[in-house]
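Mind having a look at this structure? Questions to follow.
Just so you know, ligand 1 is whichever comes first in the structure, and atom 1 is the first atom listed for that ligand. What you are looking at is a predicted structure, and each value in this text was computed from that prediction instead of being measured.
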Amino acid sequence: MKKIIRGGTVVNARETTRGDVLIDGETVIAVGQIGDVEGAEVIDATGCYLLPGLIDNHTHMSMPFGGTTTADDYNTGTQAAAAGGVTAIVDFALQIAPGGLQSSLDEWMGRAEGAAHVDYSFHMAITRSDEGTFKDMPKLVDQGISSFKVFLAYKDVLMITDDIFLRILEESKEHGGLVQVHAENGWIIDRLVTEALGRGDTAPVWHALTRPEWVEAEATSRAVRFAEQADAPVFIVHVSCQASAEEIIAGRARGVAAYGETCIQYLFADITDLERPAPEGARFVCSPPLRDASNQDFMWDALKFGHLQSISTDHCPFDDPQKALGADDFSKIPNGLAAIQHRLPLMWEHGVKEGRISMNRLVDVCSTAIAKQFGMPTKGAISAGMDADIVIFDPKQPFTFSTETSFMNVSYDLWDGKTVAGSVRSTLCRGTVVFDKGEIKTQPGHGKFLKRIPFDVARQGDVA
Ligand code: URP
Ligand code: ZN
Ligand code: ZN
């Protein structure tokens, strides 16, 4: 089945062009002035921008964490993704069983299969070390799981030790993988949390005050130094503050293949949100925590100048009763924010409209750079031969954030009541309309597993 999207403006990372998009089945066939094509369905996009489907490389669906499980599964979470113009996610499979990685990956594959509305893949989070783990790493790369993740925080839960971290970097490098790092010093956080609770400081804001910026910067510096030692690429996830970003910049200046992302919460929320009255404050508990707003100009510039390569959401939703597990003790509040639907409208309003980044840079940091970083060569651009993953974005149709317009499976919206100028009208994933004018059009299972290519093949030595 052919489709023509007519009358829009195509925005890719490198250029903006007026033109139509011809789709055949799942693939873009041509971009430009397209005449009549017999039997083709025509989608009118006059006045709209056509963006490559966004990719969210940092999500946590159906993840057991903090004594509970994230509120979105692969069905609900990818509906919210599509409503926000996202056509592919890379979620985290956690190593939950001893004896290697394969059984944990199989478990996560089973959760997503037949459920997702947009395409999906996984990073493998390594939380244990046994020889089976190291043996499985190349097998996972062969299966398209070309990135790994380690935690230098969450002591006694997910944290690994430095010696294991170095070995993972070495093994990953050998097999063409990429290691991602949650960079906070879990040992120091543990001490600061114990001290705070001992003083009776139990409110949500203490989550942030016991994870200060230097604790993130130290772990980031360590991760970059370890990568330098192993001569391996490293990607620092959810960089929250200037001090941490500066460690990546310093590493890149020394020639380390160090990369980093930030997340929308670090641009559009800050530590004062944790002081909101219950239950709102707990909704903003995530790690690394929300920072002083004085960091935000630097983070925008880091995205603009390419010091940080991309922005994701770290979507890790918990509803109020789950957040209430920590009503009397901030350390028991499950960490994570509900955000997957909101990257595009927020980035458009405060990035593009307010002149912080160009439309093309928005496309790069939300899609194109992510496709390259994580080995998805058919994603991240609207051009002939690419997957027909397209967002029709109407810059003149306002969007109001609310639980009514949210597809995320929580009973609140963090930006409730806020109105922005533009909205996602439709989202096509591989040529199929998944989201259109407020409604989901697909059945669970439209989304397919994405076999990603290894980092070294995708990058070919390009570290920009
Ligand atoms: O608070 C967060 N970020 N929750 C998700 C798990 C993680 O650390 O990425
Ligand atoms: Zn993390
Ligand atoms: Zn995360």
Side-chain angles (χ1 to χ4, degrees), residues 55-72 77 81 89-96 108 121-127 147-160 165 179-186 189 193 204-208 210-211 215-216 219-220 222-223 234-241 244 259-271 273-274 281-291 310-319 322-323 325-326 330-340 343 370 374 408 410 414:
I55 304 171
D56 200 333
N57 58 289
H58 191 150
T59 67
H60 302 275
M61 311 297 178
S62 296
M63 185 178 80
F65 193 46
T68 180
T69 300
T70 52
D72 271 313
I89 64 168
V90 191
D91 203 72
F92 289 93
L94 291 191
Q95 184 181 20
I96 43 173
W108 254 267
S121 183
F122 297 101
H123 317 282
M124 188 76 223
I126 302 178
T127 62
S147 44
F148 302 94
K149 160 104 179 266
V150 298
F151 296 88
L152 303 182
Y154 305 130
K155 184 171 169 287
D156 303 327
V157 186
L158 300 170
M159 188 171 96
I160 55 152
F165 174 33
V179 176
Q180 301 176 88
V181 183
H182 176 131
E184 291 184 289
N185 186 316
I189 291 165
V193 168
V205 72
W206 284 95
H207 172 79
T210 54
R211 307 176 92 100
V215 164
E216 182 184 342
T220 304
R222 188 163 20 118
V234 71
F235 183 91
I236 311 298
V237 296
H238 48 42
V239 177
S240 74
C241 59
S244 178
Y259 308 88
E261 64 165 6
T262 190
C263 305
I264 57 170
Q265 48 271 37
Y266 303 117
L267 299 180
F268 305 114
D270 63 62
I271 189 169
D273 288 304
L274 290 159
R283 297 173 183 168
F284 289 89
V285 166
C286 60
S287 297
L290 301 180
R291 300 299 188 188
S310 55
I311 183 162
S312 68
T313 65
D314 192 3
H315 179 68
C316 189
F318 297 102
D319 211 348
Q322 299 176 293
K323 290 280 187 180
L325 291 169
F330 69 86
S331 72
K332 295 197 168 62
I333 301 171
N335 289 198
L337 266 55
I340 195 168
R343 189 170 37 151
I370 297 171
F374 294 101
M408 297 178 281
V410 290
L414 294 178

* Is there a donor-acceptor contact under 3.5 Å from the side chain of Thr127 to the main chain of Leu158? -> no
* the Zn ion (ligand 3) - closest N/O/S atom in His60 -> NE2
* In a check of side chain to side chain donor-acceptor pair (under 3.5 Å) between Glu216 and each of Arg291, His182, Arg211, His238, which one passes? -> Arg291
* Got Phe318 and Val285 here, is their nearest side-chain heavy-atom distance under 4.5 Å? -> no
* Asked: Which is it for His315 and Asp56 under the side-chain hydrogen bond (donor to acceptor under 3.5 Å, both in side chains) test, yes or no, and what are the steps along the way?
  -> CA-CA 9 Å; His315 179 68; Asp56 200 333; over 6 Å; no
* Asked: So which N/O/S atom does His58 have closest to the Zn ion (ligand 3)?
  -> NE2
* Counting no waters, what protein N/O/S atoms lie under 2.8 Å from the Zn ion (ligand 2)? -> His182 ND1, His238 NE2
* Structure fact -> Given the options Asp72, Thr68, Ile96, Leu94, Met63 meets side chain to side chain contact (heavy atoms under 4.5 Å, CB included) only with Leu94
* Flag if over 12 foreign heavy atoms under 6.0 Å of NZ, Lys155 -> yes
* To do: Please name all residues satisfying side-chain contact (heavy atoms from CB on, under 4.5 Å) with Leu337, sequence neighbours left out, ordered by chain then number.
  => Gln265, Cys286, Leu414
* Asked: Under a strict 4.0 Å criterion on non-hydrogen atoms, which protein residues are in contact with ligand 1?
  -> His58, His60, Phe65, Lys149, Tyr154, His182, His238, Cys286, Ser287, Asp314, Cys316, Asn335, Gly336
* Is there side-chain contact between Asp314 and Val237, with heavy atoms separated by less than 4.5 Å? -> no
* Structure fact -> In Lys149, His123, Glu261, the residue satisfying side chain to side chain donor-acceptor pair (under 3.5 Å) with Gln180 is His123
* Structure fact -> By side-chain contact (heavy atoms from CB on, under 4.5 Å), Thr262 pairs with (sequence neighbours left out) Tyr266, Met299, Leu303, Leu308, Ile311
